[in-house]
Amino acid sequence: MSSTTAGDLQSHGHEHHHHGEGDVNAPAWTDSKRYAWLLGLFIPASPFVAWGLYEATGAGIVWWLGPLLVFGVMPALDAIIGTDAENPPDRVLAWLEQDRYYRWCTYAYLPLQYGSLIMACWMWASGDLGLVANIGLAITIGCVSGIAINTAHELGHKRASMERWLSRVALAQTGYGHFFIEHNRGHHVRVATPDDPASSRLGESFWAFWPRTVRGSFTSAWHLERERFKRLGQSPWSLKNDVLNAWAMSLVLFGVLIAIFGIGIAPYLLIQAIFGFSLLEVVNYLEHYGLVRQKREDGRYERTRPEHSWNSNNVASNVFLYHLQRHSDHHAHPTRRYQALRHFEEAPQLPSGYATMIVLAVVPGIWRRTMDHRVLAHYGGDVTRANIHPRKRARIMKKYGPGTPAAAAGAAAYAAREAAEAAASPETAGVAR
């Protein structure tokens with residue numbers, strides 16, 4: 001296991017981009033998860049697996065395989081397999097990022113994604129399935145399209161025009177193409193601030209966050225494109241507008257599918273799209289919950305640092321989600337490819353992987369009992385430093401404010417963590433493992 005300091009991570013993040021795409025000799029190092037990344041293709045393959053099981057058994061319940069995998073099997077694997085905080089050493093990063101094998105692991109998602117969508121449309125149109133089975137298939141396809149947004153997230157940050165185009169293709173199935181604009185040019189600028197619709201607040205339930213982020217992401221994307229066209233002296237009502245051309249891709253896709261398979265598939269297309277982008281938004285909810293960048297004296301927010309994102313090293317969720325859980329390094333280096341993302345020791349850690357945390361997030365009481373005290377401990381018991389939901393501020397201050405038992409417990413947890421870090425050897429204190 002290798003160790004590097006946070007400063008090394010930042011400085012190397014600048015340095016490694018100068019290697020470009022030139023040949024780099026393969027180092028004497030092996031990625032222990034190299035072939036595990038192929039497991040990320042199991043979710044888009046799951047509708048085909050369900051089809052095979054249905055043909056073999058005739059049981060309609062198998063069409064619910066997608067949510068069973070995402071909300072049952074993946075959390076179980078997180079618990080069984082555990083965590084891995086190993087980072088690739090600095091000397092291999094240039095080689096690791098240019099290895100095209102990792103790119104093809106993400107590219108391969110798209111044909112499976114759209115192949116499963118066409119198969120589902122055929123099954124919906126056939127009339128062979130009952131209502132419950134049809135809805136189960138729609139939710140399974142929604143799991144595929146939701147995780148496809150994560151694939152689009154990985155591709156959309158890259159400089160290659162082909163990968164950015166593939167990102168838009170992946171987003172078309174959910175009608176969420178504006179995510180490409182809002183995430184790159186909005187969220188990455190405003191992350192962990194009250195101004196960001198994709199950063200959840202302490203005391204805010206997922207069900208309160210969902211309408212705020214869905215509406216806010218759309219309006220932010222439109223505003224960003226409108227301002228871009230204003231600077232160009234042009235009207236935003238053009239197919240050159242990336243919001244409009246993204247939605248046009250979705251309209252064409254759905255129009256073609258309905259023309260081929262009939263209007264009867266429309267409700268199921270809508271179900272899978274809503275479920276898919278909701279899966280994205282529940283991940284957004286847990287990534288920055290309660291965390292905030294402080295304002296400097298000049299009124300600007302401090303730069304984004306590792307402590308502004310919740311991280312997890314649970315192997316199963318990381319493999320299925322292309323290291324999305326190493327979110328701090330992603331915000332520090334947005335163009336860095338998933339296989340090269342590193343763990344930061346100073347980043348706050350979730351108690352489990354994203355798959356488990358998604359299940360907790362949809363049950364507000366369990367989520368608050370799991371996460372609120374972690375936010376408080378992260379800020380040394382000072383809840384005023386957190387990103388507090390405005391409508392819950394009075395209640396939050398009464399429960400967690402200065403002088404409360406919760407504040408004292410948070411301060412104690414923070415002090416214990418600081419003492420443990422101080423007791424660590426100089427070689428390991430404050431490092432990203």
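As a basis for the values below, the full set of heavy atoms in this structure was taken, side chains included, without hydrogen atoms, waters or symmetry mates. Here the structure is a predicted model, which is why all the values come from computation and not from measurement.
- Identified under the salt bridge (Lys or Arg N to Asp or Glu O under 4.0 Å) test for residues 163-185, with sequence neighbours left out: Glu163-Arg337, Arg168-Asp242, Glu182-Arg190, Arg185-Glu225.
- When every heavy atom of Ala347 is checked against every heavy atom of Asn311, the shortest pair comes out as CB-ND2, 3.8 Å.
- In this structure, a donor-acceptor pair under 3.5 Å is absent between the side chains of His288 and His308.
- Without hydrogens or angle criteria, Ser145 side chain to Gly142 main chain gives a donor-acceptor distance under 3.5 Å.
- In this structure, His331 has its ring center closer than 6.0 angstrom to the ring center of His187.
- To the nearest 0.5 angstrom, Ile135 atom CD1 is 12.5 Å from Phe275 atom CZ.
- The distance from atom CE of Met74 to atom CG of Leu68, rounded to the nearest 0.5 Å, is 12.0 Å.
- Ring orientation note: the planes of Phe206 and Phe209 are tilted relative to one another, at an angle of 30° to 60°.
- With Lys295 contributing its side chain and Arg300 its backbone, the two residues share no donor-acceptor pair below 3.5 Å.
- Note that CD1 of Ile274 is 9.5 Å distant from CD1 of Ile139, once rounded to the nearest 0.5 Å.
- Between Arg296 and Asp298 there is a salt bridge, since at least one side-chain N of the basic residue sits less than 4.0 Å from a carboxylate O of the acidic one.
- The backbone N or O of Asn314 sits nowhere less than 3.5 Å from a side-chain atom of Ser317 that would complete a donor-acceptor pair.
- For Glu297, there are no side chain to side chain contact (heavy atoms under 4.5 Å, CB included) partners two or more places apart in sequence or in a different chain.
- Judged purely by atom type and a 3.5 angstrom limit, Thr356 has no side-chain atom pairing as donor or acceptor with the backbone of Ser352.
- Formation of a donor-acceptor pair under 3.5 Å by the Asn184 side chain with backbone atoms of Gly156 is found in this model.
- Checking side-chain atoms of Ser200 against main-chain N and O of Tyr285 turns up a donor-acceptor pair under 3.5 Å.
- Taking the six-membered ring for Trp and the full ring otherwise, Trp222 and Trp237 have centroids separated by under 6.0 Å.
- Interatomic distance, Glu154 CD to Tyr109 OH, rounded to the nearest 0.5 Å: 13.5 Å.
- Aromatic ring centres of Tyr354 and Trp310 lie farther apart than the 6.0 Å criterion allows.
- Side chains of Thr213 and Glu281: a donor-acceptor N/O pair is present below 3.5 angstrom, by distance only.
- Between Asp195 and Arg293, no side-chain nitrogen of the basic residue sits less than 4.0 Å from a carboxylate oxygen of the acidic one, so the salt-bridge criterion is not met.
- At most 12 heavy atoms of other shown residues, nucleotides or ligands fall within 6.0 angstrom of atom CZ in Arg391.
- Taking NE2 of His327 as the reference point, atom NE2 of His323 lies at 14.0 Å (rounded to 0.5 Å).
- Using the six-membered ring where Trp is involved, Tyr176 and Phe277 have ring planes that are parallel, under 30° apart on the 30 and 60° scheme.
- There is no side-chain donor-acceptor pair under 3.5 Å between Arg228 and Asn241.
- Salt bridge absent: Asp372 and Lys399 never bring a charged side-chain N and a carboxylate O closer than 4.0 Å.
- If you take CG on Leu341 and CD on Glu97, they are separated by 8.0 Å, rounding to the nearest 0.5 Å.
- In this structure Arg212 satisfies the side-chain hydrogen bond (donor to acceptor under 3.5 Å, both in side chains) test together with Glu204, sequence neighbours excluded.
- Here the two rings, on Tyr101 and Trp37, have centers that are 6.0 Å apart or farther.
- In this structure, the ring of His330 has its center less than 6.0 angstrom from the ring center of His157.
- Looking only at distances, no side-chain donor or acceptor of Glu307 sits under 3.5 Å from a matching main-chain atom of Pro348.
- Of the possible polar contacts, one joining the Thr174 side chain to the Leu171 backbone as a donor-acceptor pair under 3.5 Å is found.
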